[in-house]
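Okay, structure first, notes after.
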Number of protein chains: 2
Amino acid sequence: MSGQVNDISRLSHQLVEFYEKISSWEQDVVKSSGLSTAQMHAIEIVGHGVSLRMKELAGKMGVTTGTLTVMVDRLEEQGLLKRTPHATDRRSWLVELTAAGGKLFDQHHQYHLRLTEEITAPLSSHEQEMFTVLLEKIVSQM
Amino acid sequence: MSGQVNDISRLSHQLVEFYEKISSWEQDVVKSSGLSTAQMHAIEIVGHGVSLRMKELAGKMGVTTGTLTVMVDRLEEQGLLKRTPHATDRRSWLVELTAAGGKLFDQHHQYHLRLTEEITAPLSSHEQEMFTVLLEKIVSQM
DNA sequence: CCCATATTGTTTGATTGTCAAGATACACTA
DNA sequence: TAGTGTATCTTGACAATCAAACAATATGGG
């Protein structure tokens, strides 16, 4: 037998490398846009779907609402995000992208697509399909 | 044809999800150790190989040397890292793990192995092997 | 060897990120 | 509907971060 333990260790190492490389790629790309990675992360999450409460956004980002308050303040000053009062809960704000924020989000999304293309360049189309399927299986279980 | 563009878009989405989930897992694990994610990142990098210069470590972390100076100060105070003079370049320090730092690194490495096991649980051993091979192909090209 | 330029790490001042505690609004029970 | 506990966001104090200035050392050309 080839050893379960070594297989796991080998894969773990690849995952760390993979994660590191994506991180540094993201950092480089974001830096050129003038935002911090945390700020861009907020843009990415808000841009992905419907408007969110501060609390929900904070939860998705893994920070406290206190942290998010000042972050949204700054992104609002930069005209990328805006707060809208919640329809029925007067404690809450809904956070949304402005037009400028949406434009930035789209641009960043394009960067993601381009990175994905580069990443999968060394794979045949069959391999690429397999990789996607396996990744979907993994992600849906996490 | 099924559409190259949609395939890329689909994979890109999975990659983002995957990255997000690993990030939040890492955050949770690190938080329980009392360090910040940045600090643990330093431990991980230093623990992975030979000793590094401040500049090199800062580069790998995507942070300025000024930031690293205070970070290493704190980790040195906590007894996890130590500075050693460079053998031939008296401007430089080499950063290494202490025994306690090594122990922390080992523990964190075990967490990584456990996460890798959990992640690949829904995969057959053949699928797991394939995933590893594809990931190696990708990582080696990044 | 000497000088000019480059590199490495630290320090400083300003900005940004972070959390704990506070202030306001909601929800539920009686 | 009053009271009590819970939820949501902001505030204030502190830590992390960066860019730029600095000190010490290295490097290379005359």
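Per chain, numbering begins at 1; letters A, B, ... match sequence-line order.
Contacts of Lys137(B) classified as salt bridge (Lys or Arg N to Asp or Glu O under 4.0 Å), with partners at least two apart in sequence or in another chain: Glu127(A). Under the salt bridge (Lys or Arg N to Asp or Glu O under 4.0 Å) criterion, Asp89(B) pairs with Arg53(B), Arg91(B), not counting sequence neighbours. The salt bridge (Lys or Arg N to Asp or Glu O under 4.0 Å) check on Glu129(B) picks up Arg10(A), with sequence neighbours excluded. Shown here are the salt bridge (Lys or Arg N to Asp or Glu O under 4.0 Å) partners of Glu17(A), two or more places apart in sequence or in another chain: there are none.
Looking only at atom types and distance, the side chain of Ser9(A) has no donor-acceptor partner in the side chain of Ser12(A) under 3.5 Å away.
In this structure, Trp93(B) and Thr69(B) have side chains that are not in contact, with every pair of non-hydrogen atoms separated by 4.5 Å or more. At least one side-chain heavy atom of Ser33(B) sits under 4.5 Å from a side-chain heavy atom of Met40(B).
Listed by residue number, the members of residues 50-67 of chain A with any heavy atom below 4.0 angstrom from DNA chain C are Val63(A), Thr64(A), Gly66(A), Thr67(A). Near DNA chain D, meaning a heavy atom under 4.0 Å from it, residues 77-90 of chain A has Arg83(A) in order of number.
The main-chain N or O of Ser23(A) is never found under 3.5 Å from a side-chain atom of Glu26(A) such that the two would form a donor-acceptor pair.
Look at CZ on Arg74(A): it is 15 Å from P on dA14(C), rounded to the nearest Å. Between the NZ atom of Lys31(A) and the C1' atom of dA19(D) there is a distance of 12 Å, rounded to whole Å. The interatomic distance linking Gln39(B) (CD) with dG17(C) (P) rounds to 18 Å, in whole Å. Regarding His41(B), its NE2 atom lies at a distance of 17 Å from the P atom of dA16(D), rounded to whole Å. Look at CZ on Arg91(A): it is 10 Å from P on dA25(C), rounded to the nearest Å. Distance Trp93(A) CH2 to dA25(C) P: 12 Å, rounded to the nearest Å. The separation between Leu35(B) atom CG and dA15(D) atom P is 16 Å, rounded to whole Å.
Residue contacts for Ser36(B): at a heavy-atom cut-off of 4.0 Å it reaches no nucleic acid atom on any strand shown.
Between Asp73(B) and Ser92(B), the residue anchored nearer the 5' end of DNA chain C, judged by the nucleotide with its closest heavy atom, is Ser92(B).
Look at Arg83(A) and Glu76(A) and you find a salt bridge, because one of the NZ, NE, NH1 or NH2 atoms lies within 4.0 Å of a carboxylate O, short of that distance.
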